[in-house]
Amino acid sequence: MQDANKTIVTEFILLGFSNFVTFQNILFNVAVLAYVVCIFGNIAIIILVRHDPSLHTPMYFFITTFAVLEIMFVSVTIPKLLALLVQTSKTISMIGCFVQMYALNALGETECFLFALMALDRYLAINNPLRYAAIMTQKFCYVLAVLSWIAGFIISFIPTICTILLEYCGPNEINQFFCDLSPLQNLACSNPFFSNLATQIAAVLSVVFPFITIVALYTHIINTVMKIGSTEGKQKAFSTCSSHLIVACLFYCTVIAVYIRPKGSQNDKFLALMYIVVTPPLNPFIYTLRNREVKNSARKLIRHLL
């Protein structure tokens with residue numbers, strides 16, 4: 001009799017910012033601007049790197065890979081956020097919710113691995129400059145990039161499947177503007193132990209491990225740079241990795257703020273805005289404004305077009 005009274009959930013309701021009516025118009029305009037800037041900014045980086053042969057190096061190869069990832073990452077979430085802000089209906093199908101959840105986590109985890117690869121690239125360039133060109137060949141860079149994509153999509157697949165297999169028969173309201181593992185696991189009628197365990201293991205493999213790798217590599221980089229005698233040499237060495245370090249710090253600080261702190265607060269969705277809406281459009285500017293080679297390439301391209 002108890003089973004007969006259970007309701008099978010076929011869709012979820014993304015509450016988003018429905019409780020903040022006056023805030024929605026402002027957020028819509030900000031989200032549109034952020035999405036447009038992020039898309040065109042990253043496309044501009046890809047065009048600049050492909051157009052200028054002097055930028056055909058491992059560092060810029062990884063930067064263009066990151067630009068592609070960013071375009072895909074924001075395209076998974078921001079269009080749905082815009083729809084939630086203008087539509088009266090806040091529903092999303094189960095399939096649509098699970099697809100968004102998998103894509104968001106897979107792309108985010110791939111970014112974590114890519115950040116580690118970019119740190120490795122800078123480590124080899126500064127700590128082993130004589131063998132750098134022999135190690136970081138074009139083929140090796142392609143292999144590393146492909147492995148980061150494969151690792152991100154495989155690792156995120158396991159907790160996604162575990163979450164999909166949970167039974168959903170009760171509340172279907174998600175107090176967020178996108179589908180994510182933890183909110184869905186909290187809605188499940190069945191025991192989410194294995195799903196939670198798979199999520200934690202995936203987080204260690206794809207977030208904690210790359211983060212530790214980045215910290216270790218940059219510790220070695222800083223030690224090497226500090227041994228350089230001239231101030232000009234130190235500045236030149238730091239300038240090659242400062243942009244990546246800033247972008248990695250922005251990403252990890254916002255992600256940790258969302259996923260490490262206790263759940264259930266209204267602030268969760270505002271913190272999620274930081275790494276989904278705020279930081280992605282900043283990244284192209286960080287890579288261009290702090291990078292002399294990219295700025296010179298942009299000037300050349302503009303002169304060529306004019």
Side-chain angles (χ1 to χ4, degrees), residues 27-83 85 99-100 103-118 121-122 138 141-142 144-146 148-150 152-153 178 239-251 254-255 272-306:
L27 179 57
F28 179 84
N29 293 326
V30 171
V32 169
L33 178 63
Y35 187 59
V36 171
V37 170
C38 182
I39 297 296
F40 283 98
N42 283 294
I43 289 176
I45 287 178
I46 295 170
I47 293 173
L48 286 174
V49 173
R50 289 183 63 87
H51 177 265
D52 192 343
S54 67
L55 299 181
H56 293 176
T57 63
M59 182 177 76
Y60 291 106
F61 167 75
F62 290 126
I63 288 176
T64 55
T65 305
F66 178 74
V68 173
L69 267 172
E70 283 285 84
I71 292 172
M72 297 174 67
F73 185 79
V74 296
S75 296
V76 169
T77 50
I78 294 184
K80 184 60 181 177
L81 169 62
L82 296 175
L85 292 172
V99 169
Q100 184 191 52
L104 180 67
N105 284 281
L107 293 169
E109 291 172 13
T110 303
E111 283 195 7
C112 291
F113 287 117
L114 188 62
F115 280 132
L117 292 181
M118 295 167 80
D121 173 69
R122 292 299 84 206
Q138 186 181 51
C141 290
Y142 280 131
L144 290 177
V146 170
S148 68
W149 283 80
I150 293 174
F153 276 76
F178 60 93
S239 67
T240 63
C241 55
S242 60
S243 298
H244 168 251
L245 191 57
I246 292 171
V247 171
C249 286
L250 282 172
F251 179 82
T254 52
V255 168
L273 282 175
M274 291 298 296
Y275 74 91
I276 289 178
V277 176
V278 177
T279 57
L282 295 178
N283 294 337
F285 292 100
I286 294 172
Y287 279 122
T288 54
L289 295 179
R290 297 187 59 84
N291 195 307
R292 185 180 301 172
E293 293 173 322
V294 176
K295 287 190 285 187
N296 291 336
S297 177
R299 292 191 191 101
K300 283 192 230 176
L301 181 59
I302 292 172
R303 284 198 296 266
H304 176 74
L305 293 174
L306 296 177

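The first residue in the sequence is number 1, and the count goes up from there. Just so we're clear, the structure is a prediction, and the values are computed from it rather than from any experiment.
- Atom-to-atom distance recorded for Met59:CE and Thr64:OG1 is 11.0 Å, nearest 0.5 angstrom.
- Residue pairs meeting the side-chain hydrogen bond (donor to acceptor under 3.5 Å, both in side chains) criterion with at least one member in residues 33-51, sequence neighbours excluded: Tyr35-Ser75.
- Looking at Trp149 and Thr65, their side chains come closer than 4.5 Å, going by heavy atoms from C-beta outward.
- To the nearest 0.5 Å, atoms CD1 (Ile276) and CG (Leu81) are separated by 8.5 Å.
- Taking every heavy atom of both residues into account, Phe66 and Val247 meet most closely at CZ-CG1, 3.8 Å.
- The OH atom of Tyr60 sits 15.0 Å away from the CD1 atom of Ile46 when rounded to the nearest 0.5 Å.
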| Could you go step by step and tell me if Leu144 and Leu114 meet the side chain to side chain contact (heavy atoms under 4.5 Å, CB included) rule? | CA-CA 9 Å; Leu144 290 177; Leu114 188 62; over 6 Å; no

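- Thr110 has its side chain out of reach of Phe73: every pair of non-hydrogen atoms, C-beta onward, lies at least 4.5 Å apart.
- Between Pro58 and Cys141 the shortest heavy-atom distance is CB-SG, 3.6 Å.
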| said: Please evaluate residues Asn283 and Ile45 with respect to the criterion side chain to side chain contact (heavy atoms under 4.5 Å, CB included), reporting the C-alpha separation (whole Å), side-chain torsions for both, the decisive distance (0.1 Å), and the verdict. | reply: CA-CA 10 Å; Asn283 294 337; Ile45 287 178; over 6 Å; no

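- Between Glu111 and Leu69, the shortest heavy-atom contact is CG-CD1, 3.8 Å.
- With sequence neighbours left out, Thr57 forms a side chain to side chain donor-acceptor pair (under 3.5 Å) with no residue at all.
- With values rounded to the nearest 0.5 angstrom, Leu107 atom CG is found 11.5 Å from Ile71 atom CD1.
- The nearest pair of heavy atoms linking Ser148 to Leu117 is CB-CD1, 3.9 Å.
- Closest approach of Ser297 and Leu48 over heavy atoms only: OG-O, 3.7 Å.
- Atoms CD1 and CG, from Ile78 and Leu85 in turn, are 11.0 Å apart once rounded to the nearest 0.5 Å.
- Taking the six-membered ring for Trp and the full ring otherwise, Tyr275 and Phe251 have centroids separated by 6.0 Å or more.
- Using a 30° and 60° split on the angle between ring planes, Tyr142 and Phe61 fall in the perpendicular class, above 60°.
- Across Glu70 and Pro280, no two heavy atoms sit closer than the pair OE2-CA, 3.3 Å.
- Side chains of His244 and Phe115 form a contact here, defined as non-hydrogen atoms less than 4.5 Å apart.
- Side-chain contact between Met118 and Ile63 is present, with at least one heavy-atom pair separated by less than 4.5 Å.
- Between the side chain of Thr279 and the main chain of Met274, a donor-acceptor pair closer than 3.5 Å is present.
- Looking at Gln100, its side chain never comes within 3.5 Å of a backbone N or O of Phe178 through a donor-acceptor pair.
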